[in-house]
J.: 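Mind looking over this structure? Questions follow.
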Protein chains: 2
Amino acid sequence: MAEEKEAARWRIIADLLRNDVLEDHYQPGQALPGEAFLASEYATSRPTIRKAIAQLAGEGLLTVAHGRGTFVRPTPDRRLILTGWPDHEDLLNPAYDPAKQGWEHVTVPSEAERAQSKVTPNSALFMTAEGSRADILAVRRGTMVVYRYAYWQHTKTRARIHLSSYVLADQVATIRGEGSGREIESHVEPEDYYAHLERQHGPLRWTTSVHARMPYGETYEDLGMEPIGTPLLVVRRVMLSQHGRPLEFTEIEAPGDRFEAASVSDHHTAEPGGLAALRV
Amino acid sequence: MAEEKEAARWRIIADLLRNDVLEDHYQPGQALPGEAFLASEYATSRPTIRKAIAQLAGEGLLTVAHGRGTFVRPTPDRRLILTGWPDHEDLLNPAYDPAKQGWEHVTVPSEAERAQSKVTPNSALFMTAEGSRADILAVRRGTMVVYRYAYWQHTKTRARIHLSSYVLADQVATIRGEGSGREIESHVEPEDYYAHLERQHGPLRWTTSVHARMPYGETYEDLGMEPIGTPLLVVRRVMLSQHGRPLEFTEIEAPGDRFEAASVSDHHTAEPGGLAALRV
DNA sequence: AGCTATTTGTTCGTATGTATA
DNA sequence: TTATACATACGAACAAATAGC
């Protein structure tokens, strides 16, 4: 017969605490007993209690606040990011006003630090495509693209998102030479990117994808996320020529606990209430 | 002027190690030096190193294996879950064969444990709606629904997903009485749920939503996920009557590092290669 | 404003257990 | 079997953030 190998103590305690949280033994927002109290309660040491709490925080169930206590994490309603709408706007167009969807531009902490940088929100920067950017646009690494970005904040809920866009550079500019000797002559203004691409390649096709990953680095602060236990939702919309060639893609990064992506089969009926959702 | 408050040592080390990983200083799959070595390398203690490593594991960058070492987590290609297709099949229909999409039924660890349970995959169980299930179907908690579930495994990649479905019980059965004295007379077989609902309420409308959360409990084992640092991708497809009344919804839970949800604007062109994607 | 009590955060040393090669 | 690696656990001390007076 199989020996009953007992689980680690911190795991047992985590299971007990998780049960208490899921069974509404503690209400959302409510503080748990202090670590010292729990340690004596479960006849163990503080490090063991902390390990159990860290586990539940990583599962998104608890939030730990230095000097204040440990709390059951409230689960806010998720705002909608509506995909698959018939019309596709250039959200990174400098002339685009997010206010009509209930959003406003914001400056995030990491931007404030590098204020002297060359890149600024909604400006267009020529750079080389690397990694997944190159893959999505189906070009070699090193191919030139135009990068634009912005941070938006939802006016009511103050939830933030990060938007970025990559346009194949040779679609909007003439590039001479190679490497560092490259010369770029832009002949399309960022205000006209989408109109220009549609004239050149229309009718356009679009694909949308949604995935999730764990955030790291400055993303937490920039998007005002919980430092642990919250995934990052990534929505990508790719513009394709009628022959299937990728021309541009827009990426939205949003805190996974505050947003969901949704689509409806019928666009003529039942628009979810007014400014509630972001259409992308 | 602002005092430079130094970050915690484990945080500094985590930043350094993260840089090494992201800069491909260590290759995916490669082992990092042992904890003891790193501790002496950074002139600190093993617990501090472990804290830094735990942070990066939570960010999905490292995988720690007991007795083997710490490794850079390989990022597998994500399989597609294609949403918004014109046809909507009942994936929980006992007659539905997942093999035609390249999948097979599997029994997961938590099922094996409760083998004597009344619920079995692809059987229909009458139960009461609670929490988000009730919200999605827009019914009061306690309203009866029919619950079905299954676990599928992708034949090639062995990636697993969890499917479940909830049908409003009064659509497929007659319910007499209240509470525990309730009597249920089912007059539609699970094989005919979708056809029956379409006859009663067609033409149908559909919405799809995608969100992410952190998994907990047995989900890790059941879906064969990394125990930390991987979000759970949740895809929900809701069947609505033409008047907007929710009748059923299907939910897919998938490991966030191995799946993404995608949709295309044009269904007539460029189906992504054969059996590659799950259409939902 | 300052002081104090409370609570979580960081770090170390140390010991022992368990999985893997 | 042995060596190596990670896992668990305890105790202790001090730092830092917060709340209340």
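Letters A, B, ... mirror the listed sequences (proteins, then strands); counts begin at 1. In this text the structure is predicted, and so the values were computed from the model without any measurement.
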J.: What's the closest nucleotide to the side chain of B:Glu35 if the choices are D:dA7, C:dT11, D:dG11?
T.: D:dA7
J.: Just N and O in the side chain of A:Arg9: are any of them under 4.0 Å from OP1 or OP2 of D:dA7?
T.: no
J.: Counting side-chain heavy atoms from CB outward, which of D:dG11, C:dT10, C:dA21 is closest to B:Arg68?
T.: C:dA21
J.: Using a distance-only criterion (donor-acceptor N/O pair, under 3.5 Å, no hydrogens), is the base of D:dA16 paired with the side chain of A:His66?
T.: yes
J.: Starting from C1' on C:dA19, measure out to CZ on B:Phe71 and report it in whole angstrom.
T.: 12 Å
J.: Measure CG/A:Leu38 against P/D:dC10 and give the value in whole Å, please.
T.: 14 Å
J.: Nearest to the B:Arg46 side chain among D:dT18, C:dT11, D:dC6, which nucleotide is it?
T.: D:dC6
J.: Among D:dT8, D:dT18, C:dC12, which nucleotide sits nearest the side chain of B:Thr44?
T.: C:dC12
J.: Toward the 5' end of DNA chain D, which comes first, A:Trp10 or A:Ala65, by nearest nucleotide?
T.: A:Trp10
J.: Could you give me the CA-CA distance, side-chain angles and deciding distance for B:Ser209 and B:Arg236, then say whether side-chain hydrogen bond (donor to acceptor under 3.5 Å, both in side chains) is met?
T.: CA-CA 5 Å; B:Ser209 75; B:Arg236 285 181 177 146; 5.4 Å; no
J.: Hey, what do you get for CG (A:Leu233) to OG1 (A:Thr230), rounding to the nearest 0.5 Å?
T.: 12.0 Å
J.: Quickly work out the B:Ile228 CD1 to D:dC6 P distance and round it to whole Å.
T.: 14 Å
J.: Can you work out whether A:Ser45 or B:Arg50 has the more 5'-proximal nearest nucleotide on DNA chain D?
T.: B:Arg50
J.: Can you check the B:Ile49 CD1 to D:dC6 C1' distance for me, whole Å?
T.: 14 Å
J.: The side chain of B:Thr48 lies closest to which of these nucleotides: C:dG9, D:dA9, C:dC12?
T.: C:dC12
J.: Please answer whether the main-chain N or O of A:Asp222 pairs with a side-chain N or O of A:Arg160 as donor and acceptor at a distance below 3.5 Å.
T.: yes
J.: Between B:Glu253 and B:Arg213, does the salt bridge (charged side-chain N to carboxylate O under 4.0 Å, His left out) criterion hold? Intermediate values first, please.
T.: CA-CA 10 Å; B:Glu253 291 181 329; B:Arg213 65 170 178 84; 3.3 Å; yes
J.: Rounded to whole angstrom units, what separation is found between the CZ atom of A:Arg11 and the P atom of D:dA9?
T.: 9 Å
J.: In whole angstrom, give the distance that lies between atom CD1 of B:Ile12 and atom C1' of C:dT11.
T.: 13 Å
J.: Could you check how far NZ of A:Lys51 sits from C1' of C:dT10, rounded to whole Å?
T.: 16 Å
J.: Look at the side chain of B:Val64 and decide which nucleotide, out of D:dC6, C:dG9, D:dT8, has an atom nearest to it.
T.: D:dC6
J.: Any idea how B:Phe249 and B:Tyr166 line up, ring-wise: parallel (<30°), tilted (30 to 60°), or perpendicular (>60°)?
T.: parallel
